Amino acid sequence: VSAARAAVLPFGLIAAAAVLWFLTLAPITPADMTDLGLISALPIWYWVAIAALGLAFGIGLSVEPFRPSVAIAAAIVLALVLYGTPAIAQALPRFNTTYVHLGFIDLIERTGRLYPEMDARFSWPLFFVATALVSAATTVDLLAIAAWVPLATNLLALPALVLLYRAFTDDQRLVWLGAWVFLLANWVGQDYLSPQGFNLLLLLWMLALVATYFQRRGRPRWLRPGRGPDDDDDDGQAWPGEPASVPYATRAGIYVVVVALALASVASHQLTPFAMMAASFGLVIVDRTTLRALPILIGVLLVIWVSFVAEAFITGHLRDLVAELGTEGGTAGELVSRVRGSPGHTFVVIERIAFSVAIWAAAAIGVVRRVRSGRWDLAAIALAVIPIVLAVQPYGGEAPLRVFLFSLPATSYLVATAVFPVPRRLGIVGVAGMTGLTVVMAAGLTIARYGNELADMVTPSELAVVDEVHRIAPEGAFLATMNFNSPIRYQFVERYDYEEIAAPMTTMTAATLAAILDVEGAGRPTYVVLTRGQRAHDELIGVPPTEWPRIEAELEASPWFEPVVREADGSAYRYTRAEVAP
Amino acid sequence: VTELELVRRDGGEHATDVDEVIGAALILATAVAVAVVALDPGQTIRALTVGAYLAVVPGVAALRAAGARDPWTIVALGVPLSLAIDGTAALVLLTIGIWQPTLSMLLIAGVTLVLILIERVR
């Protein structure tokens, strides 16, 4: 690629991709999708835009000297396409847990109190209190902006990744390809309006600051002379020597920021501080940081928080927490147990596992290629491997997902080293390969991340059902749903007793539901709320499509259930038998 | 471009004209945000000014006080750090039984001004 074309072509491609994506993106409804999720509703132009971005990025990597401006522009538009599409194409924020968190924020904003007895997450309240303050001080409706949080999180993660990778290598192509891979592989979807999304940023920035300002780059103390790459290898990349000295006052200031990030994490999320502690410990083990006491400091902060602030929760759940440690069903078994449901959903779950394994395999290839070229990325390897220790606590069955997420920043860099084991520029074949790799990884990400979109998306009609129930149900009422997947708690969480009916739908009848409500409702005003998202969730995990219409028909025919709300995507019934004959 | 561009290249010994301007801008932003909350000139203005302030300024002031200088990195890290400062200030007040967004804003503004002062002293 000539220098003149290389200067204009990538920016033209990036601009064309952005325009093409935006103009061809139509509103997406559940009717547009199959059980493969969002990918089944995306237009072909979406993929043309992705290919144009991959081509532009590849051209950027082929130019000598390398220009970060092309990579920056391509990465920003790629993030917009991958993480902004639902915000533009869907009317409301996706994911039921977003609505649970909106409910917590609404509760704090209205009452000025925390409710640790209601939910464990109130024992780690910093994120909820911060967003409640922002909402109250700005009078902004968070429901209107929550859909953009994943995009904002990934955009804010980019500079942290670049800073982190610059601590690993001086090769700027490798740095930006690592960031590119991260955007294409971040399928776990913990970047929504949530403490964990906020904590992902805290973790990334902590790692970036520690790896940059408190790094050791010389031969590790534990590696004897004569082992590993020589100190005087041909290009000085193996052990490049200690970085230029940063003024003491600046290092002290940055250290205060690192501790502040750790403290904010300890006060806002149960799991991420453990990831911070493990990551900093990993850097200490491989002798890649001068902050040898940082893991201990984070541990002390954790103990203090758990002992004095979250003590009530820990005391009440200690037996459960200990019992789950290392259980097969809670960790590896969890992955296997999720492979079930409709044909499309089963494919999505298998694809998630395959996509994750492929990322790890590519990272392993990168490690091998780097070691063979005399470069030991000890810090990156430690940060990629150490999150595995977190799998000892199942964390509600999500441990494998969190391990993948916490290792992803380093894994993405190692994947990039498979392409650039040594500093070089891409040739024409490499540019074509980068275009193909981008499209393939974007497809993998879209299936893995948005594969449950039929269940994850929320429609205005569903929210209208919830709003109407909140309007008519008296305070103290018992609100039952068939499963967790509804936005029913997005406001007024303290006014009602919410319950998910855990009984299997295939054996559910109006009579069995009434028997459950007699016990659970205990004579209170009781409502059963059925929404499209609950049905979609059930059908994705294998409930036959005939079951929900059958239950709805039974409730309509039953004298004990009075229809009080009917919308296109849901309905609600008042349960009357307990009131008549408790 | 090196990994050290986040810090002041002269070792933090001399404040530049840019530092003076940014410091003044942060003080001005703090004054405007407090005034907007106090006077409430309308939902749109309030959302834009106070939202931008709470999302960026306290964290930027903290990072500059810590010696950081690269503008893009400061803005990107400034957002999560701002939320951490906002949440801490509000959590302190909430813990002692006070939930007043206006008072929280004043506390955050005070913390921001202290951080700007620390940066000037450094």
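Atom set for the values below is all heavy atoms of this structure, side chains included, hydrogens, waters and symmetry mates excluded. Keep in mind that this is a model prediction, so the values were computed, not measured. Proteins get letters first, then strands, A, B, ... in listed order; numbering begins at 1 in each.
- Of the atoms belonging to A:Val256, not a single heavy atom falls under 4.5 Å from chain B.
- In the model, A:Asp191 has no side-chain atom that pairs as donor or acceptor with a side-chain atom of A:Tyr83 under 3.5 Å.
- Looking at A:Asn186, its side chain never comes within 3.5 Å of a backbone N or O of A:Phe182 through a donor-acceptor pair.
- Between chain B and the options A:Ala136, A:Ala137, A:Ala130, the largest number of non-hydrogen pairs under 4.5 Å is found for A:Ala137.
- Between chain B and the options A:Ile108, A:Leu202, A:Leu158, A:Leu263, the largest number of non-hydrogen pairs under 4.5 Å is found for A:Ile108.
- Most heavy-atom pairs under 4.5 Å with chain B, from the set A:Ala252, A:Ala132, A:Ala260: that is A:Ala132.
- Between A:Glu494 and A:Arg113 there is no salt bridge, since no side-chain N of the basic residue sits under 4.0 Å from a carboxylate O of the acidic one.
- Only the side chain of B:Leu54 comes within contact range of chain A, judged by heavy atoms closer than 4.5 Å.
- For chain B, the nearby parts of A:Leu114 are the backbone and the side chain; heavy atoms of each come within less than 4.5 Å.
- Under the 3.5 Å distance criterion, the side-chain polar atoms of A:Arg216 are left unmatched by any main-chain donor or acceptor of A:Thr289.
- Most heavy-atom pairs under 4.5 Å with chain A, from the set B:Ala84, B:Ala65, B:Gly59: that is B:Ala84.
- With hydrogens and angles disregarded, no donor-acceptor distance shorter than 3.5 Å links the side chain of A:Tyr413 to the backbone of A:Leu174.
- Between B:Asp86 and A:Leu133 the shortest heavy-atom distance is O-CD2, 3.7 Å.
- Looking only at distances, a side-chain donor or acceptor of A:Arg173 sits under 3.5 Å from a matching main-chain atom of A:Leu61.
- Contact of A:Leu126 with chain B is made through backbone and side chain together, with heavy-atom distances under 4.5 Å.
- Interface remark: B:Leu93 contributes no atoms to any contact with chain A (heavy atom separation under 4.5 Å).
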